[in-house]
Amino acid sequence: MDLVTQGQPSAEPAADPSNARYVYFALPVAMLGLAVALLPPLLVGLTLKLNDLDPDAVGGNLSIVLGVGAFFAFAANPIAGRLSDRTTSRFGMRKPWILVGTLGGYAGIVVIAVAPNLAMVVVGWACAQIAFNFAIAGLIAMLPDQVPTRIRGKVASAVGLGQNLAGVAATYLVALFPGSMQKALLPSLIGMVVLFAAVLPIRDRRRTEAPAEAFSLKTLFGSFVFDPRKHPDLGWAWLTRLLLVTTQITAINYLSVYLLTDFGVNADDLGDKVFEATLWNAAGIVVFTTALGLLSDRLGRRKPFVVLAAMIAVAGLSTIAFAPTFTVILVGEFVMGAGMGSFLAVELALITEVLPNAEDAGKDLGVINIAQALPQSVVPAVAPGLIAALGYAGFFLTGAGAGVLGALAITRVKSVK
């Protein structure tokens, strides 16, 4: 039986211990499955597919694909959050969007796998980003729906751990299968099955009354905005996420091309090298993320841990920028994982505590996710010029500089310690 609310979700989740215990386990597993469904084409599959289509233009074509896809992710996430806030389905507010979005995302990956040219790869990745972001919006909104504030640091850390460990699982699965088509399709299918198995038993919140405001173009475009003058803490949290995800994107999206061009890794070995780097990244996540989330809950403080995590991530990316060998890249990946994993976990807990209105939690989290999607469009747009002018070292250091600014921005939040 679903948890029922009259009109909208409450600010604190309704008491239901049996559902709560399962949710605390299910949300991290579901995030692991969702990320595994999405990551194989991003980490390796797109690079290999574009290398098959045109080996001489991999870097530039990858920027085109990622930039277009990120634009659609930017557009989809807040709309998805708004729609899930308004959903009155008997299956719940969030689950329908998670399940349908994941199926649609997988359809986009199928298009990429069979694409005969760059244009179809772009179309497939755009479709995948739209659909998967509907799923992501619904899943993240379950955190404030279902988890009390006092333990959100712990649960958000577990969700972040699942998301980041997905990189290891995805690259391992990619390495198991031959050919670019199988590397994209089969690992993503496995991730989708894991997601469905975790989400389906959750007793989702349900609205029993339609929203008072009719859905209109004004409502639709209102999905993309909030007033930072009225809600400055949410504005600073948004800016912090934007800057730190910029740091992360410079490291993740261009690692495979960096290894191909600057370290002479051949295409046949690329999957193994990316997997090894991702494994070190995950080791950093495992060692630090959960510990910082638990400590944040225990001390009742978020900001110091966000700042610390951001500066650790900056140190990791700076190490990668100056790496003379692949071994040093692995060290940088470990440090980067420790920083970004901890940042995304603790900052997510902080964000849920500065949301202005429980009724619009999905929409506002979708707006926050714009800060996660926007760098995925902006970074690929500026990356070719930065790399041409500064080399990969300068490019990565620019990303590290964004992380420093993000650490400063979070100190401006007033309502959360």
Exam field: side chain [X] to backbone [Y], donor-acceptor pair closer than 3.5 Å:
X      : Y      : value
Ser188 : Ala37  : yes
Lys49  : Ala115 : yes
Thr250 : Phe396 : no
Thr247 : Gly399 : yes
Asp204 : Lys95  : yes
Asn281 : Ala277 : no

Report yes if some heavy atom in the side chain of [X] is under 4.5 Å from a heavy atom in the side chain of [Y]; otherwise report no.
X      : Y      : answer
Ile351 : Arg241 : yes
Ser342 : Phe305 : no
Gln248 : Phe343 : no
Leu66  : Leu46  : yes
Ile329 : Trp280 : no
Val274 : Leu259 : yes
Ile320 : Val331 : no
Met31  : Ile140 : yes

Legend entry - Test log, rule side-chain contact (heavy atoms from CB on, under 4.5 Å), inputs Val114 and Met120: CA-CA 9 Å; Val114 300; Met120 285 305 297; over 6 Å; no
Inset, instruction - Go through the structure and list residues passing salt bridge (Lys or Arg N to Asp or Glu O under 4.0 Å) with Glu333, not counting sequence neighbours. - result: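 Glu333 satisfies salt bridge (Lys or Arg N to Asp or Glu O under 4.0 Å) with no other residue.
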Legend entry - Counterpart residues, salt bridge (Lys or Arg N to Asp or Glu O under 4.0 Å), relative to Arg302 (two or more places apart):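 By the salt bridge (Lys or Arg N to Asp or Glu O under 4.0 Å) rule, Arg302 matches Asp297, Glu353.
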Inset, instruction - Show your working on side-chain contact (heavy atoms from CB on, under 4.5 Å) between Val307 and Ile410 and close with a plain yes or no. - result: CA-CA 7 Å; Val307 172; Ile410 202 64; 3.4 Å; yes
Who are the ring-ring contact (aromatic ring centres under 6.0 Å, His included) partners of [X], not counting sequence neighbours?
X      : value
Phe132 : none
Tyr254 : Phe395
Phe177 : none

Legend entry - The single option from Ile98, Val159, Val147 passing side chain to side chain contact (heavy atoms under 4.5 Å, CB included) against Met142: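 So the option named by the test is Ile98.
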Legend entry - Verdict with reasoning, Arg205 to Arg94, per side-chain contact (heavy atoms from CB on, under 4.5 Å): CA-CA 8 Å; Arg205 287 189 176 276; Arg94 316 300 184 188; over 6 Å; no
Output the distance between atom [atom1] ([X]) and atom [atom2] ([Y]), rounded to the nearest 0.5 Å.
X      : Y      : atom1 : atom2 : answer
Thr102 : Leu195 : OG1   : CG    : 4.5 Å
Leu139 : Ile202 : CG    : CD1   : 7.5 Å
Phe334 : Leu279 : CZ    : CG    : 11.0 Å
Asn51  : Leu62  : CG    : CG    : 11.0 Å
Leu173 : Leu189 : CG    : CG    : 10.5 Å
Asp54  : Leu118 : CG    : CG    : 8.5 Å

Nearest atoms (heavy-atom pairs only) where [X] meets [Y]:
X      : Y      : answer
Pro384 : Ser63  : CG-OG, 3.8 Å
Ala313 : Met336 : O-SD, 3.4 Å
Ala141 : Pro144 : O-CD, 3.3 Å
Ala409 : Thr240 : CB-OG1, 3.5 Å
Thr246 : Leu242 : OG1-O, 2.8 Å
Ala26  : Ala198 : CB-O, 3.6 Å

Inset, instruction - List the steps, then state whether side-chain contact (heavy atoms from CB on, under 4.5 Å) holds for Leu405 with Leu239. - result: CA-CA 9 Å; Leu405 294 176; Leu239 181 60; over 6 Å; no
Inset, instruction - Check the angle between the aromatic planes of Trp97 and Phe134 and answer parallel, tilted or perpendicular using the 30° and 60° thresholds. - result: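 Rings of Trp97 and Phe134: tilted, as their planes differ by 30° to 60°.
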Inset, instruction - Just say parallel, tilted or perpendicular for the rings of Tyr258 and Tyr392, cut-offs at 30° and 60°. - result: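 Tilted, since the angle between the ring planes falls between 30° and 60°.
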Inset, instruction - Please say whether more than 12 non-hydrogen atoms of neighbouring residues, nucleotides or ligands are located less than 6.0 Å from CZ in Phe25. - result: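 Open.
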Legend entry - Atom CZ of Phe71: over 12 foreign heavy atoms under 6.0 Å: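 Count not over threshold, so no.
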Inset, instruction - Kindly write out the residues that satisfy side-chain hydrogen bond (donor to acceptor under 3.5 Å, both in side chains) with Trp125, not counting sequence neighbours, or none if the list is empty. - result: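 Listed in chain order: nothing, the list is empty.
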